[in-house]
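One structure is given here, and the rest of the page talks about it.
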Amino acid sequence: MHQSPPRDPGTTLLALYQRLFDHFGPQNWWPADSPFETAVGAILTQNTAWTNVEKAIANLRRADALSCEALLKTPRKQLEEMIRPAGFFRQKSERLHLFCRHLRDHHDGNLERLLAAPTAVARLELLELKGVGPETADSILLYGGNHASFVVDAYTRRLLQRLDLLPGRGTYDEIRTFFMRNLPVDAALFNEYHALIVILCKDYCRKRNPRCQSCPLIGLCRYPESAHPLTEGKKRR
DNA sequence: ATCCGGAAAC
DNA sequence: GTTTCTGGAT
């Protein structure tokens, strides 16, 4: 018995992508009619199931509030009621208003203008906003602006950890850089890759009871044998 | 490390 | 009844 042959991260990440795409097919992300709607969804979905975000978006659409101007005209209290199904509705209503105010004051209310800047510039600008962290910023860049900025989320971190591929201490930036340095810098690839990771982790590589037997990554992954028993999974007593 | 929060899965 | 959800701020 010998170790598995050493593979460079680029080969591993591409093989992983290939396996996911072959199993799930194209995901056609992000489900939105405009970059602005993508950004609204990105803020609303923070630590929130997408099904709940859909309800909030539907409320906004029904009220014709899915634009920068319309959303700014909507009183905070009213906005809270519309996005209530998405949870954290007080802070999210503030974040939406702050986001729109920034667009109005600096980009004539047009998100496309913000997204017309080079990726690094637009990213820093988004990160300045209260309520826009790295994942939200990268989601807006990638899915709203077609910028090749890899999106990292809790699913991504969990998957890499279980595959024993987590770089460094596993900070957001370390993981993002890991993907971006070891893959072709391609917005379409990053778009599909993140979406595939999400669907994999929702349906198979779940936090609690992962379906390892039927997982499309079977053979490529050694979890749970490779799991560190003290740092992952339910507390064992 | 804790708070925000409704909805649905478990 | 408890956990989890395409996080971020304090």
Side-chain angles (χ1 to χ4, degrees), chain A residues 17 20 24 26-32 35 37-60 76-99 102 123-145 147 149-162 169-176 179 187 189-212 214 231-237:
Chain A
Y17 175 79
L20 292 172
F24 293 107
Q27 298 301 302
N28 300 309
W29 273 27
W30 184 294
E37 185 181 328
T38 300
V40 170
I43 290 172
L44 290 179
T45 200
Q46 289 168 0
N47 205 43
T48 297
W50 181 251
T51 54
N52 294 334
V53 177
E54 287 181 311
K55 296 170 186 172
I57 301 245
N59 289 340
L60 292 171
R76 181 73 127 280
K77 195 69 187 175
Q78 200 175 318
L79 184 56
E80 287 181 5
E81 289 314 308
M82 289 192 275
I83 68 172
R84 169 166 284 208
F88 303 134
F89 53 88
R90 294 185 190 86
Q91 30 178 310
K92 284 177 180 176
S93 66
E94 180 191 16
R95 290 172 186 189
L96 286 175
H97 268 166
L98 289 173
F99 176 71
H102 178 82
R123 188 170 195 268
L124 285 177
E125 184 174 342
L126 287 168
L127 288 174
E128 294 286 321
L129 298 172
K130 179 178 179 183
V132 178
E135 184 185 340
T136 304
D138 288 327
S139 295
I140 294 171
L141 288 168
L142 179 60
Y143 294 106
H147 282 274
S149 196
F150 202 93
V151 176
V152 175
D153 62 356
Y155 289 151
T156 312
R157 184 171 288 101
R158 182 166 80 222
L159 176 62
L160 290 187
Q161 189 168 325
R162 289 179 177 177
R169 291 169 327 180
T171 66
Y172 187 96
D173 244 28
E174 283 173 332
I175 296 175
R176 175 172 179 264
F179 279 95
L189 173 64
F190 291 177
N191 178 321
E192 204 62 64
Y193 211 146
H194 173 65
L196 288 167
I197 288 175
V198 171
I199 189 174
L200 172 80
C201 291
K202 281 176 65 165
D203 294 350
Y204 295 94
C205 200
R206 305 185 299 185
K207 188 169 188 181
R208 270 298 168 88
N209 299 107
R211 297 169 169 160
C212 297
S214 55
T231 60
E232 194 183 357
K234 265 181 103 166
K235 290 170 183 135
R236 287 131 172 131
R237 296 265 136 136

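All values derive from a computational prediction rather than experimental measurement. The sequence lines fix the lettering, A, B, ..., with proteins before strands; numbering per chain opens at 1. These numbers come from the heavy atoms of this one structure, side chains and all, not from hydrogens, waters or symmetry mates.
- Under a 3.5 Å cut-off, the side chain of Ser93(A) and the backbone N or O of Arg90(A) do form a donor-acceptor pair.
- The salt bridge (Lys or Arg N to Asp or Glu O under 4.0 Å) check on Arg95(A) picks up nothing, with sequence neighbours excluded.
- Look at the C1' atom in both dG6(B) and dT10(C): the space between them is 22 Å, to the nearest Å.
- Under the rule for a side-chain hydrogen bond (donor to acceptor under 3.5 Å, both in side chains), the partners of Asp153(A) that lie at least two apart in sequence or sit in another chain are Thr156(A).
- Nucleotides dC4(B) and dT4(C) are separated by 15 Å at their C1' atoms, to the nearest Å.
- For Tyr193(A), the ring-ring contact (aromatic ring centres under 6.0 Å, His included) partners at least two apart in sequence or on another chain are Tyr17(A), Phe150(A), Phe179(A).
- For the P atoms, the distance linking dG8(C) with dA7(B) amounts to 22 Å, nearest Å.
- When the P atom is compared between dA1(B) and dT6(C), the two are found 24 Å apart, to the nearest whole Å.
- The salt bridge (Lys or Arg N to Asp or Glu O under 4.0 Å) check on Glu37(A) picks up Arg61(A), with sequence neighbours excluded.
- The P atoms of dC3(B) and dT3(C) are separated by 15 Å, rounded to the nearest whole Å.
- Applying the side-chain hydrogen bond (donor to acceptor under 3.5 Å, both in side chains) test to Thr48(A) and every residue at least two apart in sequence or in another chain returns Lys92(A).
- Of the inter-residue distances, the one linking His194(A) atom NE2 with Phe190(A) atom CZ reads 13.0 Å to the nearest 0.5 angstrom.
- Nucleotides of DNA chain C that come within less than 4.0 Å of any heavy atom of chain A span, from the 5' end to the 3' end, dT3(C) to dT10(C).
- Residue pairs meeting the salt bridge (Lys or Arg N to Asp or Glu O under 4.0 Å) criterion with at least one partner in residues 125-144 of chain A, sequence neighbours excluded, are Glu94(A)-Lys130(A), Arg123(A)-Asp138(A), Asp138(A)-Arg176(A).
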Next item on the list: Heavy atoms under 4.0 Å is the rule here; annotate nucleotides 1-10 of chain B 5' to 3' with B where the base is hit, S where only the sugar-phosphate is, and - elsewhere.
Entry: ---BBBSS-S
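- Every residue two or more places apart in sequence or in another chain was checked for a ring-ring contact (aromatic ring centres under 6.0 Å, His included) with Phe89(A), and none qualifies.
- Contacts with DNA chain B (heavy atom under 4.0 Å) in residues 124-143 of chain A: none are found.
- In this structure His97(A) satisfies the ring-ring contact (aromatic ring centres under 6.0 Å, His included) test with no other residue, sequence neighbours excluded.
- Under the salt bridge (Lys or Arg N to Asp or Glu O under 4.0 Å) criterion, Glu174(A) pairs with no residue, sequence neighbours left out.
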